[in-house]
Structure formats: structure tokens, C-alpha cells
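Since the structure comes first, as C-alpha cells, the remarks are kept for the end.
Computed from heavy atoms alone, side chains included, the values below leave out hydrogens, waters and symmetry copies.
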Amino acid sequence: MKRISRRSFVIGSGSVAAGGLALGLHLPVAAQTVAAGDTEMNVWVVIRPDDTCIIRIVRSEMGQGTRTGLAQLVAEELECDWSRVTTESPTPGQSLARKRAWGEMGTGGSRGIRTSEDYVRRGGAAARIMLLQAAANEWNVPVGEVTVANGVITHAGSGRKTSYGKVAAAAARLPPPDLKSITLKNPREWKLAGKTMKRLDTADKLDGSKQYGVDVKLDGMLCAAIRDCPVFGGKLVSFDDSKVKAMRGVKAVVRVNPSTVAVVADTWWRAKNALDQLPVVWDEGPNANASSATIAAHLKEGLTAAGDYAGRKEGDAVAAIAGAAKKVNALYGTPFLAHATMEPMNCTARVTADRAECWVPTQNGEASHAALAAATGLPLDKCEVYKMDLGGGFGRRGGQQDYVHQAAQIAKQFPGTPIKLIWSREEDQAHDFYRPISQCEMSAGLDASGNLVGMKVRLSGQSINAWINPQAIRDGKDERQLQGFWKEPGEAQMGYTIPNLLTEYAIRNTHVPVGPWRGVNTNQNGVYLECFLEEVARAAGRDSVEFRRALMQNHPKHLAVLNAAAEKGNWGKPLPAGVHRGIAQFMGYGSYSAAVAEVSVSKEGAVKVHRMVLALNCGHAVNPGQIAAQVEGSVAYGLSAAFFGEMTVDKGRVQQLNFDSYRILKLAEMPKVETVIVPTYDFWGGVGEPTICVVTPCVLNAIHAATGKPVRSLPLKNQGFTFA
């Protein structure tokens, strides 16, 4: 096996987070038997004698349905029997041993399907071509006379039939076709993909047999509870293990790294109980005096600081606004948010002198693999990662692999003994990589006819790239934080044409760590742009939809989803007394989204969200039912953030450490959600994150319609509103 340096591996495995894609995809020339009687057609397809088709999936499954969607795409080209499809997940070590045959394994940025659809479909098509050729050879007929449906191969002229399982061994000995020469099916003619199919990862969830990372059990396993310095950037000075080492089940108290201590015991609860009673001395460092107030002041300074922070500079927005007949100004703010995954961070690791393994819920198996190697000092080919399905990810379990490092560092101190590290809920909330806090000052100018002649956007906040990908920041500018304001089509384009436009982002980092949070920067930017345009439309005396349409003539896909949401949402039609509508549209992660909310607000400020209609154009819709489920999930996540979500800071540490102070929407509180999918079949967009960016602004705009006053700061609970 070719030696690969840890540095080059980390760079390659992290490429998706940086917005690129590094693939070393090599289908093997000769297939190989992977289990008794099973035949590997290529890295994506294994055929069993009983006609079972094993489809390999390397993307992580965290409830979003990627496993099922990718299996549908492969099976569509393979033409196999869907009822006989099963899946398996190659490990990062297996991929490395085959020169990264499966490519990168990252699952984030709503890229699980869209960045791998082409080569997995070609893998399915290549296997089908070889299987048909094998049957044709056996019957001594031209392959053009052979057809297949549901895994049954037929020669119409002679009436002969066979199955994939019977010809797989012979097919595997044939040379594979040139992948580039394969013509894939027209998505408009799909039979299996493009249809709502039952998920492949549901049954074991329903009967309780599913094993998550927190459920891992290995012979001789010990459990670890961990505590990091409560102030980010602080250090561990000392601890007094004499107070707890005699407690029942406790095996040891260990220093994990310069800021972290852990208790290892025979059960996790005993480890946590001892940790709670462990005397610890921290050096909280210079950040111990930081607070939400000092952070807000730091961000506010970024709104007025001199410097070239321009992201887009088209025309002269400042002059256009200064000379406008009417001016509109607004200052918005959004807080830090935690991921609050139902399954807290965890990892089980076993380390010996020459081998390291871990069982971990991860959004990026290769990143976990690299973290395991880095933490143990072992080469990559001596490490292995067994990916578990995630009990929630939302970006937390991608590039940030702190929990893998910690588990490996503890396991190193117990050679050969499996150590299962589980973070408490409090630890999980206290040491997240939070959605960045930001402030945004918006200004616009209208002419005497109410037309928008100029707009200026000045953002100030934390940069994700500054934490995880600093090389992406050039000349002090971070374009990533301006997602949704971009001019370029394809990923996060602004859907309006404004004669004079200036967008700026001033980096104002704090000691609080930040990272991707479902939707990342499109969430905040969607609020800023769409709520401000609502204010501008009202200042112009124009209807919210008509005002937007006038700015969207050069953006037909944005306009199409806006129209779809407005039509399904009955925009302009009468509503029951006291109910008001709000609308928003935005683009993120390669897809176009729009939403309409129907909301009522009582005199006491109780907000009732009655109905939400969301429209999505993701180009190709692989599993419409799962897309609808993802949209509904984005509503739950988005409303939770809008009404309740914030992580405040006092004395350098975050304050919301459990669900009593970091509230999540309850199932009974969900509004009626209707999804309109409007695919145009000409691109591949994401699904998991795009619609969340329109959930909050359409609700805020409906509240604006109901109260006559804009909402400019979140969460709503701090603005006198309650959730009804």
C-alpha cells in the first residue's frame, strides 16, 4: 500500500468542509470475492448467489436518509430488485488500503448525495453492463438482445432467463467498461430513484435494536466521563483524586490534555458521579472576564470600523442611498447556538502499541481516522474507524473531532482496554462549536416611485474559517460568512438584482469556538436579507411578494420557488381574523427555497404558527418523501432557534447547559407543514440545510405583519414573545 502522510490525508478528508472535493476513485480492474459465495462487481456493488445486492455507502447516516437515497441511485442504474437490496459501509481503513477507492467520506453541507451521485450511479451502471454481458456470453447471443428488470435477465428471442446471482462470478471476470463512456439514465425516466421509497435505516430504530455509539459494548470495556475547563482557552492546573479513587467502580482519574480531566470507571454513571465530586483547580486564563455584553460591544465595533471588507461592490450603494427619496435602516442580531444533538458526543477507543480502533458516530470517517492517528501517534494503516449511525449531527460531528482525540488519549493510558467516552449533556452544551454570533447593519434607498435603488449590508461576527480553515481567509476577508449574498450562481447566490449593492463582512472573533450549524451562515443571512427586504417593501408601500418579484427577473429559479410557495400558501387570499402571512426566499447549498408562514399573535405576545408552506428546488429529487421529512425537520430546528435558541456567556463560559434552559420545540407544538418540490432536473442541489434558512424570516415577517413592528433580534423569547 502506498504510504500517505497524515497531513495529506487530513487535507484530503477535510476538503468538503472547505468547499472542494478530493476524489481518488479507482474501480478495481478485477473483482474479488468478499465473503463466501459473494462477488464484488466493483467497489459499490456486491452480488450474492441468492440475488441480494449489497450496495456500499460511505456517507454517514444521521437521520437525513442519505443511505437510502444513494442506494436508490445505484439500484436505478443496476436495475436490481429493490426488495433484495441491502447496504454496508466500508471503513476508512479499508478505503485507504485500496488507495481511497471510495473517495472522501465527509457528510456535511448537504453534499451527501449531490457530490457522489455521478460516480455511484456509474458504479451501478458498470455492474449492470458486466452482468448483462456475462449472461449474453453464456447464451452466446449479442448483448444487445439481452434485457434486465428487477435483477432478472431475459433473452426475448429464446425465452431464457437468469438472475444476477447466477452470473455474478462470470461477470466479475470481465473487464469493466470505461466509466466515462457510460450514458446514465435521464432522471426524468427514473423508475426507482425519484420515487418515495421506505427508508433502509428505520426498522431497527422502531424495534429498539439499533446500536448507536452510546450503545457500544466490548469485552472488558471501561467507561469515561470527562470535563474540560469551563472557560474556553483555560487550562487544567490540578485535581485531587484521593477524594474519589476509592469510590465504587472507579479505576483511575486521568489528565487527558492540558485542559481536560476524566474519570474512568466500570460504568459511565459511576464515572460521572465521581467526576462531579472531584476537586479540580482551573486556570481560567484571560477569557474569564468575557461576557455576552463584551462580545456584543466587540461586534458592534466591527459595524463601523474602517477598512476594506467588501464582498460585493457593484455601483455606488453609499451614494445611491444618500441621494434616495426614502431611506430605510435596520440593525439585526443573531446569537450563538448549540447543536444540541440528542446523542451527546461519544467515542469508544481501543489502543495498543501497534493498533488503534474506534467506534464513533461521525460525519466524516476519514477525519475521525486522521484524528485517531494523530492522537495515538500511530500511522494511518495501523488505525481503523467503525462508523456508527449518528443520533444527530447538524455539523457538530464533521471536521471537529475533539471527542475522538479525547477517547484515544484516554485509551492510550489503558493499553488494550476499550474505553467508552460519553460526554454529559452539560459537557456537550458547554464545549460545542457554536453557530457564530453576528450583527448586521442594513441600509437601503428608495426612489420617489418606491423602487429600490441601492442597498448596503455590513456584517460583523465570528468566522468559522478562522477556527477550522484559516487558509480560506484571504486579505482579511471571509467570503464564506456572506453565504446567500454571493453573485455567482450554483451554491448560495443572492436572488435579487439591485442597481447599487455593497456587501461587507468584518471578522470579529471571540474566545468562543464556532463551527458549522445546520445551514451555517445562510441561517443568519436569510434572516438579515429577507426581514430587511420586508421592511423595505413596507416602506415602499408594496406587497411583499410583488416587491420581491420586481427584483428577481434575472433569477428565474429563485422566482419560481417564490411563486410556488406563494401559490401553495394562498398568498393574497383572505385569512381568518387575526391570522397573518409572511414570506421569505433564499438560496443555500445549491438549492432554492421559499416559505410562507401563517401566524397569529395575541395581545400578550403569544405567537401561534398555524401553517407553513415550503417550496424547494434541489434540481433532482431522489426520494420526495424523504425530502419532505427533511423540510419538516428544518422547520422544527428553525422554530426552536427562532423562539428559544441562544447561548449566552458570563465569566467566560456559556450558561445554557441543558434542555431546561436551551429549549427545543415539542412534537405537539409543530405547525402544519406542507412541502412543494419543484425540481428542474438540471442540477444537483442539497436538501438537509437549504430550507432552514427561510423558516425564521418568514415567521418573523408574519409577526411583523401581525404587529406592525419588525423583529430584529433573536430569540423571540427575549423580545416579549412566547410560543403558543
When every non-hydrogen atom of E366 is compared with those of P92, the smallest separation belongs to N-CG, 4.1 Å
The reported gap from CG in L421 to SG in C358 (rounded to nearest 0.5 angstrom) is 11.5 Å
Is a side-chain donor-acceptor pair under 3.5 Å present for S209 with D204?
no
(message) Would the distance check show the side chain of D428 and the main-chain N or O of M345 forming a donor-acceptor pair, the cut-off being under 3.5 Å?
(response) yes
| message | Ignoring hydrogens and geometry beyond distance, is a side-chain donor-acceptor pair present between Y505 and S438 at under 3.5 Å? | response | no
Notebook entry, point to check: Got a donor-acceptor contact below 3.5 angstrom from the T294 side chain to the A290 backbone?
Noted result: no
Test ring pair (Phe, Tyr, Trp, His ring centres under 6.0 Å), reference F643, set F721, Y662, F723, output is F723
For the pair D240 (side chain) and S242 (backbone), establish whether a donor and an acceptor sit closer than 3.5 Å, ignoring hydrogens and angles. yes
| message | salt bridge (charged side-chain N to carboxylate O under 4.0 Å, His left out), that's the test. Do R458 and E441 meet it? Break it down for me. | response | CA-CA 5 Å; R458 179 66 174 264; E441 188 169 47; over 6 Å; no
Note: G461 and L299 closest approach over all heavy atoms is CA-CG, 4.1 Å
Inset, instruction - Run the numbers on L303 and L331 for side chain to side chain contact (heavy atoms under 4.5 Å, CB included), then give the verdict. - result: CA-CA 10 Å; L303 295 175; L331 176 62; 3.4 Å; yes
Practice task
Keeping the roles fixed (side chain from S291, backbone from K651), state whether a donor-acceptor pair exists under 3.5 Å.
Solution key: no
Taking every heavy atom of I692 against every heavy atom of W517, the minimum-distance pair comes out as CD1-CZ3, 4.1 Å
- Message: Assess, by modelled atom type and distance only, whether the side chains of T648 and R653 contain a donor and an acceptor separated by less than 3.5 Å.
- Response: no
Rounding to 0.5 Å, atoms CD1 (I664) and CG (L639) come to a distance of 11.5 Å
Is a side-chain donor-acceptor pair under 3.5 Å present for S259 with D228? yes
Side-chain touch D389/R67, heavy atoms, less than 4.5 angstrom = yes
Q.
I'd like to know if the side chain of S110 pairs up with that of E689 as donor and acceptor (distance under 3.5 Å, no hydrogens or angles considered).
A. yes
Separation between CG (L459) and CZ (R508), nearest 0.5 Å, reads 12.5 Å
Inset, instruction - Determine whether the aromatic ring centres of F232 and H431 lie less than 6.0 Å apart. - result: yes
Should the heavy atoms of other residues, nucleotides or ligands under 6.0 Å from CG of N289 be counted, would the total exceed 12? no
Going by atom types alone, do E646 and N718 pair a side-chain donor with an acceptor below 3.5 Å?
yes
Given the options K205, K387, R199, E61 meets salt bridge (Lys or Arg N to Asp or Glu O under 4.0 Å) only with R199
Will you find, in the side chains of W467 and Q400, an N or O donor that is under 3.5 Å from an N or O acceptor? no
| said: Is it true that T66 and Q64 share a donor-acceptor pair across their side chains at a distance under 3.5 Å? | reply: yes
task = May I ask you to decide if N525's main-chain N or O and Q483's side chain share a donor-acceptor pair within less than 3.5 Å?
result = no
(message) Quick one: does any side-chain atom of W423 pair with a main-chain N or O of I226 as donor and acceptor, under 3.5 Å?
(response) no
Contacts satisfying ring-ring contact (aromatic ring centres under 6.0 Å, His included) that involve residues 374-419 (not counting sequence neighbours) are W359-Y386, F394-Y637
Requested in this report: Determine, stepwise, if the pair M221 / T417 fulfils side chain to side chain contact (heavy atoms under 4.5 Å, CB included).
Outcome: CA-CA 6 Å; M221 184 179 74; T417 299; over 6 Å; no
Scanning both residues in full, the closest heavy-atom pair of P335 with L714 reads CD-O, 3.7 Å
Check the side chains of N465 and R480 for a donor-acceptor pair under 3.5 angstrom, ignoring hydrogens and angles. yes
*asked:* Could you go through Y434 and H339, starting from their C-alpha distance and side-chain angles, then the distance that decides it, and tell me whether this counts as side chain to side chain contact (heavy atoms under 4.5 Å, CB included)?
replied: CA-CA 7 Å; Y434 308 92; H339 294 83; over 6 Å; no
Handout entry: Y528 vs T334, side-chain hydrogen bond (donor to acceptor under 3.5 Å, both in side chains): CA-CA, chis, key distance, verdict
Key = CA-CA 9 Å; Y528 302 149; T334 52; 2.7 Å; yes
What one should report as the nearest heavy-atom pair of E384 and T91 is OE2-OG1, 2.6 Å
Here the gap from M105 atom CE to R100 atom CZ, rounded to the nearest 0.5 Å, amounts to 8.5 Å
With a sphere of 6.0 Å drawn around NZ of K300, does it hold more than 12 non-hydrogen atoms of other residues, nucleotides or ligands?
no
Exceeds 12 heavy-atom contacts within 6.0 angstrom, atom NZ of K210 | yes
The reported gap from SG in C693 to CG in N521 (rounded to nearest 0.5 angstrom) is 11.5 Å
Smallest heavy-atom separation, A265 atom then A271 atom, equals CB-N, 3.7 Å
Show me the donor-acceptor pairs within less than 3.5 Å that the side chains of residues 249-256 make with the rest of the protein, sequence neighbours left out.
{"residue": "R255", "atom": "NH1", "partner": "L236", "partner atom": "O", "Å": "3.2"}
{"residue": "R255", "atom": "NH2", "partner": "V237", "partner atom": "O", "Å": "3.3"}

- Test side chain to side chain contact (heavy atoms under 4.5 Å, CB included) on Q719 and K717 and set out the steps. CA-CA 5 Å; Q719 310 306 317; K717 70 181 180 68; over 6 Å; no
Which is it for W102 and Q94 under the side-chain hydrogen bond (donor to acceptor under 3.5 Å, both in side chains) test, yes or no, and what are the steps along the way? CA-CA 9 Å; W102 285 278; Q94 291 169 337; over 6 Å; no
message: Check this for me: M342, atom CE, are more than 12 non-hydrogen atoms of other residues, nucleotides or ligands nearer than 6.0 Å?
response: no
Rounded to the nearest 0.5 angstrom, the OG1-NZ distance for T352 and K382 is 9.5 Å
Between E426 and N658, is the side-chain hydrogen bond (donor to acceptor under 3.5 Å, both in side chains) condition met? List the steps. CA-CA 6 Å; E426 291 76 11; N658 214 315; 2.8 Å; yes
Just by distance, with hydrogens left out, do T510 and Q462 show a side-chain donor and acceptor under 3.5 Å apart? yes
_Checking the side chain of R518 only, and the main-chain atoms of G688 only, is there a donor and an acceptor separated by less than 3.5 Å?_
yes
- Message: Testing the 3.5 Å rule here: is there a donor-acceptor pair between the side chains of T260 and N257?
- Response: yes
pair L716-V607: side-chain heavy atoms closer than 4.5 Å:
no
*asked:* What I want to check is whether the side chains of Q481 and S463 have a donor and an acceptor closer together than 3.5 Å.
replied: no
Pair R396, D402 - check salt bridge (charged side-chain N to carboxylate O under 4.0 Å, His left out), show working. CA-CA 10 Å; R396 175 62 178 91; D402 46 344; 3.0 Å; yes
Does the side chain of S368 come under 3.5 Å of the side chain of Q401 through a donor N or O and an acceptor N or O?
-> yes
Quick one: do the E343 and N346 side chains pair a donor with an acceptor below 3.5 Å? yes
